[in-house]
Amino acid sequence: MTIQLFNTLTGRIEELSPSDGKALRMYACGPTVYDYGHIGNFRTFLQVDVLRRFLKLEGITPKHVMNITDVDDKIIRNAAAAGVSISEYTQKYEKAFFEDLNALAVEKPEIIARATEHIPSMVALIEKLAAQDCAYKTEDGSWYFRIAKFPDYGKLSKKDFSGITDGARVDVDEYDKDSARDFALWKAPKPGERKWETALGPGRPGWHIECSAMATEYLGDSFDLHAGGEDLMFPHHENEIAQSESASHKTFAHHWFHVRFLLVEGRKMSKSEGNFYTLRDLLLKGHKASAIRMLLISVPYRQQLNFTFDGLAAETGAVERLRTFHERVRGVVPAPQENAELAAETAKSRESFHAALANDLNTAEARAAIFDLVRAGNAAIDAGTVGRENAAAMLAVLDDFDQVFAVLEDRDAEWTRAALDWAEREGRLGEASAEVVAQSALSDDQIQELVDERTQAKRARNFARADQIRNELAEKGILLEDSKDGVRWKRK
RNA sequence: GCACCGGUGGCGAAGUGGCUAACGCGCUGGUCUGCAAAACCAGUAUUCGCCGGUUCAAUCCCGGCCCGGUGCUCCA
């Protein structure tokens, strides 16, 4: 099955496949590690994760590079304010970032590239640009890219800069550059700032040159796909193209993948709106990591997603239903006969699932195909008409599903616990909801003890005591389910 | 202001020029259960922002309007 994916550069849906016949070389813009990641950040990383997981499912090996921007103006400012070194400051947030990705079941890219560890390749790239008169040094010792030397500037974001004359709207003198649009490649140090001594002079890299240099170092002058949030299209990605293609005279990335922003409760997420959430905020309020992942990937990446708490609750239920079904199928007692109708439904579900993702990563349709199977499967289990092969086939489809969606394994309590431990260390335990604290205070063993006691009470037909225990547990966010094979409990 | 994207049931959301407008959650009734929960069955938009147009036929195509979002500026 060929994978069709929208390409921002051409504005069309095009086939995605490894141009070298081996690995799909992709570069995704990573975080600037100056604070904890918010759910908008994670939507992008999750959608890229869906892409790379689907590639693997289709037998394509990704070679995925993600950068970590660990030096920039905000980092320098915040580190100074906190009175720590830049590396000390960024280490904390980089660690937090990877913990968050882990909680959201985002696979680690093959290569993680820190800006501060790639200064020599950035310097080399700037020198290469300077040799072609595409870069110039200003009086303060900074280097800029000369946009006038790159006529294709604007081809990604579809902007036409030909009509813009320098000085018309912006006072060029103020910038000490040849043209107001020219962007910094290398920034001269201000007094006391972290700086690198290089052939270009002292200073630190501009943001855009990082990605160009690191992408080229690991993936070559020309590679398959470049990903990022929609806001990066201009100027960041446009600038990457200008730098890289000016230096190499080759197409930088063939395919450009941009993930749209999300809204929170119908409004743009912002601190001033009071609807700004980090992953940790949500975990402390008792939302499950799996439900957050499910919600953030269920709306196709090119659509605006409205993140709401109702939606999050709905996804919690959806994930639960999938997990329950998965367990039911695994524990099914096979009927002597195979169910031809169910076999057909299963095959159809599998086919629709793959086709939906191959069609520009339509996660909403892919998900719908799985729920069609859930319904058919549950009905057949209830009727006792699931054969051995039926069960195996359904498990295979669920396995395919989970290789991309990654929500069936329940590690939610672990991530919530980790968030609580973090909040305690940071003195932010007050932000956790009472129910989360109560629920986490109960260990699995303690819960099991109470469940066993209730089972005894039930056997003795002491329903009052049994219901009392069930209610007490419910208050602490523990739900019980009686079934033929005993009691199943779960954290709400 | 200019450019681009979107407006589908109670909520989220897919989709298509004509077939019952997916799927999830919610809600109502039923089956099952000591009671619940889970699971299943049935029901839950004569209708796809508004107004025109094209067409035998439009939610889907075209034009205008209204609303939301994004980019043009640091931002995933």
Side-chain angles (χ1 to χ4, degrees), chain A residues 8 11 28-32 34-35 37-48 72-74 154 157-161 164 169-170 181 207 227-236 238 258-263 265-271 276 291 294-296 298-325 327-328 352 356 359 362-383 458-459 461-464 466-467 470-471 474 479-484 487-490:
Chain A
T8 312
C29 290
T32 299
Y34 70 98
D35 204 347
H38 61 251
I39 54 175
N41 293 314
F42 291 119
R43 181 188 193 198
T44 300
F45 296 120
L46 279 163
Q47 292 289 355
V48 173
D72 88 326
D73 292 341
K74 257 179 299 212
S157 52
K158 315 281 182 283
K159 290 178 193 302
D160 182 9
F161 293 102
I164 294 174
R169 286 179 54 207
V170 188
R181 287 260 168 210
W207 174 36
E230 63 169 328
D231 59 308
L232 297 185
M233 201 163 85
F234 186 88
H236 183 55
E238 201 72 71
H258 289 105
V259 180
R260 288 207 73 180
F261 270 25
L262 54 72
L263 303 181
E265 301 289 347
R267 310 287 320 163
K268 182 182 177 173
M269 180 171 73
S270 75
K271 286 182 178 164
F276 184 94
M294 191 71 165
L295 178 57
L296 291 176
S298 286
V299 176
Y301 74 96
R302 282 208 287 148
Q303 291 297 321
Q304 203 163 51
L305 156 73
N306 187 9
F307 185 99
T308 66
F309 287 98
D310 283 350
L312 198 48
E315 293 310 310
T316 308
V319 169
E320 202 48 52
R321 186 163 170 216
L322 289 165
R323 286 176 177 169
T324 303
F325 176 63
E327 267 183 49
R328 285 192 89 192
S352 305
N359 178 21
N362 193 333
T363 46
E365 282 207 332
R367 198 184 114 104
I370 295 304
F371 278 103
D372 285 339
L373 176 65
V374 170
R375 211 177 328 99
N378 269 322
I381 293 171
D382 279 357
K458 265 180 63 185
R459 274 202 198 115
R461 301 197 69 78
N462 182 357
F463 295 121
D467 289 350
R470 187 167 65 194
N471 291 339
L479 301 180
L480 304 190
E481 281 171 31
D482 294 338
S483 76
K484 293 182 199 78
V487 185
R488 190 177 153 219
W489 65 265
K490 62 193 180 193

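Labels below follow one simple rule: chain letters A, B, ... track the order of the sequence lines, proteins then strands, and each chain is numbered from 1. Keep in mind that this is a model prediction, so the values were computed, not measured.
Between A:Lys158 and B:rA3 there is no side-chain N or O to OP1 or OP2 distance below 4.0 Å.
As judged by a 4.0 angstrom heavy-atom cut-off over every strand, A:Asp73 is placed among residues making no nucleic acid contact. Residue-level contact check: A:Pro31 touches neither bases nor backbone, having no heavy atom under 4.0 Å from any strand. Note on A:Val299: only backbone sugar-phosphate atoms sit closer than 4.0 angstrom, heavy atoms only; bases stay farther off. Backbone-only contact: A:Phe234 has heavy atoms under 4.0 Å from sugar-phosphate atoms and none from a base.
Look at CE on A:Met269: it is 9 Å from P on B:rA76, rounded to the nearest Å. Residue A:Asn306 contributes atom CG, which lies 15 Å from atom C1' of B:rC5 at whole-angstrom precision. Straight-line distance from the CG atom of A:Leu262 to the C1' atom of B:rG68: 15 Å, rounded to whole Å.
Between A:Phe42 and B:rA76, no base-stacking contact is recorded for ring centres under 5.5 Å apart and planes less than 30° from parallel. With centres under 5.5 Å and a plane angle under 30° as the test, the ring of A:Phe45 is not stacked against the base of B:rA76.
Contacts between residues 308-320 of chain A and RNA chain B, defined by a heavy-atom separation below 4.0 Å, involve A:Ala314, A:Ala318, listed by number.
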Polar pairs (N or O, both sides) under 3.5 Å between protein and nucleotides 35-38 of chain B?
unit_1, atom_1, unit_2, atom_2, d
B:rC35, O2, A:Arg470, NH2, 2.4
B:rC35, N3, A:Arg470, NH1, 3.0
B:rC35, N3, A:Arg470, NH2, 3.3
B:rC35, N4, A:Asp482, OD2, 3.1
B:rA36, N6, A:Asp482, O, 3.4
B:rA36, N1, A:Asp482, N, 3.0
B:rA36, N3, A:Arg470, NH1, 3.1
B:rA37, N1, A:Asp482, O, 3.3

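Of the candidates B:rA76, B:rC41, B:rG69, the closest approach to any side-chain atom of A:Asp231 belongs to B:rA76.
Pairs of Watson-Crick or G-U wobble type, with distances under 3.5 Å, assemble into runs of 3 or more in RNA chain B at these ranges: B:1-7 with B:66-72, B:10-12 with B:23-25, B:26-31 with B:39-44, B:49-53 with B:61-65.
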